Amino acid sequence: MKYKNVLLAMTACMLILSAGAGSAWAYFTTYTEARGGYAIRLGSQSTVTETLDSWTKHVTVTNDAASGPVYIRAKAFAGSQYELAYYSANGKWTLGDDGFYYYSDIVEAGGSTEGLDIRIDNVPAEVKDGDSFNVVVVYESTPVIYKDGEATADWNAELITGSTEEGGAAE
């Protein structure tokens with residue numbers, strides 16, 4: 001009799017515990033997909049062109065033809081394995097206090113910067129299979145702001161206007 005009560009109690013517990021297993025299993029096997037979104041137009045748009053030869057990356061930034069005039073700054077990263085040296089043949093790229101190189105001229109709509117050369121220093125005399133390097137160039141643009149008739153750049157300005165279009169991916 002005692003054995004029968006224990007068996008009955010265990011069966012009742014198993015039934016209670018297994019009652020929620022179906023919904024738990026459904027939770028782990030159900031998924032959903034989302035579509036759509038909003039394209040955000042933030043104002044000026046620019047693109048970078050990079051070419052590489054002789055351990056030197058040549059960087060040029062182009063302002064979109066539909067954008068207004070902008071200022072450009074750029075910085076490169078290569079990890080700790082290689083050191084980078086920056087060169088501006090025309091002297092229009094200058095090093096700022098924050099490690100960015102600033103292009104001195106305003107880049108008009110459809111215009112481009114002159115080249116900034118970023119050379120990889122301390123390259124081993126003999127490069128072996130499996131050796132690799134990666135130089136990542138980060139660049140930013142900011143609209144030209146006129147204060148008291150003088151053109152200036154505000155690199156800390158926040159975007160307060162923009163437009164969105166429903167239904168597409170961000171461009």
Side-chain angles (χ1 to χ4, degrees), residues 31 33-171:
Y31 69 95
E33 293 181 13
R35 293 180 193 224
Y38 290 93
I40 300 174
R41 305 231 187 270
L42 300 177
S44 61
Q45 187 174 3
S46 53
T47 55
V48 66
T49 303
E50 302 174 9
T51 58
L52 178 71
D53 65 47
S54 302
W55 297 93
T56 302
K57 191 172 254 194
H58 309 283
V59 177
T60 304
V61 182
T62 302
N63 188 13
D64 185 50
S67 297
V70 296
Y71 281 106
I72 304 285
R73 69 180 181 177
K75 186 176 186 178
F77 300 91
S80 60
Q81 186 176 3
Y82 299 107
E83 292 182 30
L84 300 176
Y86 296 79
Y87 298 97
S88 174
N90 53 24
K92 292 192 177 189
W93 290 94
T94 56
L95 177 62
D97 294 336
D98 56 0
F100 276 91
Y101 278 78
Y102 290 82
Y103 192 68
S104 61
D105 293 349
I106 295 172
V107 182
E108 298 292 339
S112 297
T113 65
E114 295 190 25
L116 174 64
D117 294 338
I118 305 166
R119 190 180 75 217
I120 302 166
D121 283 344
N122 300 331
V123 178
E126 186 177 314
V127 179
K128 303 175 211 135
D129 285 341
D131 285 351
S132 65
F133 66 93
N134 190 17
V135 176
V136 177
V137 177
V138 176
Y139 71 97
E140 296 177 343
S141 64
T142 189
V144 175
I145 299 171
Y146 291 94
K147 291 184 181 177
D148 299 326
E150 294 289 322
T152 186
D154 184 0
W155 293 102
N156 297 316
E158 294 181 23
L159 178 70
I160 56 173
T161 63
S163 65
T164 61
E165 292 179 12
E166 185 175 350
E171 295 182 346

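Keep in mind that what you see is a predicted model, and the values were worked out from it rather than measured.
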Measuring from atom [atom1] of [X] to atom [atom2] of [Y], what distance do you get when rounded to the nearest 0.5 angstrom?
X: Asp105; Y: Trp93; atom1: CG; atom2: CH2; answer: 10.5 Å
X: Ile118; Y: Ser88; atom1: CD1; atom2: OG; answer: 11.0 Å
X: Tyr102; Y: Leu95; atom1: OH; atom2: CG; answer: 9.0 Å
X: Arg119; Y: Leu84; atom1: CZ; atom2: CG; answer: 10.0 Å
X: Thr60; Y: Tyr139; atom1: OG1; atom2: OH; answer: 12.0 Å
X: Tyr103; Y: Lys92; atom1: OH; atom2: NZ; answer: 4.5 Å

Would you name the heavy atoms of [X] and [Y] that are closest together and state the gap between them?
X: Pro69; Y: Asn63; result: CA-ND2, 4.2 Å
X: Arg73; Y: Asp98; result: NH1-OD2, 3.1 Å
X: Tyr146; Y: Ala151; result: CE2-CB, 3.6 Å

Only one of Val107, Thr142, Asp64 forms a side-chain contact (heavy atoms from CB on, under 4.5 Å) with Val70, so which one is it?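 By the side-chain contact (heavy atoms from CB on, under 4.5 Å) criterion, Val70 pairs with just one of Val107, Thr142, Asp64: Val107.
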Using modelled atom types only, decide if a donor and an acceptor are shared between the side chain of [X] and the backbone of [Y] within a distance under 3.5 Å.
X: Lys147; Y: Thr152; value: no
X: Thr113; Y: Val61; value: yes
X: Asp148; Y: Glu150; value: no

Is there a side-chain contact between [X] and [Y], using heavy atoms and a 4.5 Å cut-off?
X: Tyr71; Y: Ile106; answer: yes
X: Asp53; Y: His58; answer: yes
X: Val135; Y: Glu50; answer: no
X: Leu116; Y: Tyr101; answer: yes

